[in-house]
Amino acid sequence: MKLVIIGNGAIGLLYYAQLFDHCRVLIKDRTFDKKSGSLSVEDINGCTNEIQLNYASEDDIKDADCILMCVKSFDVSIAISNVIPLITSRCAIILSHNGMGVIEHLDSLKKSPNPIYNLLTTQGSQKCDSGYVKHTGIGDTVIGNVFNPNINFEAQLKLILNSALIKHSIVENIKEKQWHKLAINCVINPLTAINNIANGELIKSNYNCLIENILAEVVAVANAEGNVFKLNTLLSTVREVICNTARNSSSMRQDVLNNRTTEIEFINGYVIKKGLMYDIPTPENEKLYQQIKALGSATI
Ligand code: PAF
């Protein structure tokens, strides 16, 4: 399988490294320059390995079997409009981003004949520079079809993920999993960014009450959308992710520290919007949203 990863951020580089020996993988940054470099990959135990970093040309996109899009939620639309005119109709597109509410506005994707998937991950990763990525947290990869399922593609993908030892599942109801992941991001991302702390700090008891209040709002909104989530189950999931990614600096904390746009609009912002729709108050999510916005003019 020829797989092109769009986006050379922390998650794009992590999947590149994990897939490197298991399929023909290429990466694309903002250019179409056919270049190559090297990537230092620090594994979860702190051991570093050097691999070749091969970039995709426009021709590579044209004959790709799969595009794995690892760009921020607010960049998906532009990235999709750049690749749709190039790819063949059999090329599967996998979207990997935090937050919800992205696909709803992508008419080009809804109309395309391509198999479209969502990928959710709780793996922790840190990009130290353009040629150095650290695997900072063991986590799951969950993939589910959104439009035009392709069973052969899924079987092939599964073989590759198995051989790369990437802990994963291909699920029927990706929407439910997205809400799960949203709940995790609603807690970890803003709290680590506001307090400028690593994920693991959130296990301290002074955060317990706040985490519970944030999650209670997410559960109420998620359940109004047809889920049947229980607060205690979500609390345990969030705690598990906090522990498994303890060393990680969340993507939102990294964005704030580097004065980049955050995904707050698609994370807590999405819960607030849905809350308004169902007349469910979301004051804790609203507070986090305002605090993140106040942290920098570049954040949305
Ligand atoms: O956005 C992130 O940083 C990640 O989704 C997660 C799982 C919270 C780990 O830091």
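Order of listing sets the numbers, starting from 1, for every ligand and every atom in it. Predicted, not measured: the structure shown is a model, and the values here were computed from it.
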Candidate pair N98 and S251, rule side-chain hydrogen bond (donor to acceptor under 3.5 Å, both in side chains), full reasoning: CA-CA 9 Å; N98 281 330; S251 55; 3.2 Å; yes
Can you check whether N248 has an N/O within less than 3.5 Å of an N/O in ligand 1? yes
Side-chain (T122) to main-chain (D140) donor-acceptor, under 3.5 angstrom: yes
Under 3.5 Å, is there a donor on one side chain and an acceptor on the other for Y132 and E42? yes
Where is the nearest protein heavy atom to atom 7 (C) of ligand 1: which residue, which atom, and how far? T122 CA, 3.8 Å
To the nearest 0.5 Å, atom CD1 of I211 lies from atom CG of N206 at 9.0 Å
Test of understanding: given a 4.0 Å heavy-atom threshold, classify the contact between T192 and ligand 1 as side chain, backbone, both, or neither. neither
Would you please say whether a donor-acceptor pair under 3.5 Å links the side chains of Y15 and S96? no
Mark up the atoms of ligand 1 that fall under 4.0 Å of a heavy atom belonging to N185, in ascending order. 1 (O), 4 (C), 5 (O), 8 (C)
I need the nearest protein heavy-atom contact for atom 2 (C) of ligand 1: residue, atom name and distance, please. S251 OG, 3.4 Å
Does any N/O atom on S249 come nearer than 3.5 Å to any N/O atom on ligand 1? no
Excluding sequence neighbours, so at least two apart, what forms side-chain hydrogen bond (donor to acceptor under 3.5 Å, both in side chains) with S236? none
Could you tell me which non-hydrogen atom of L14 sits nearest to which non-hydrogen atom of S125, and how far apart they are? CB-OG, 3.6 Å
Specify side chain, backbone, both or neither for K181, according to which of its non-hydrogen atoms lie closer than 4.0 Å to ligand 1. side chain
Near N199 (heavy-atom distance under 4.0 Å), the atoms of ligand 1 are 9 (C), 10 (O)
If you take the nearest heavy atom of each of I11, T136, N189, which one is closest to atom 8 (C) of ligand 1? N189
Quick one: does Q123 get an N or O within less than 3.5 Å of an N or O on ligand 1? no
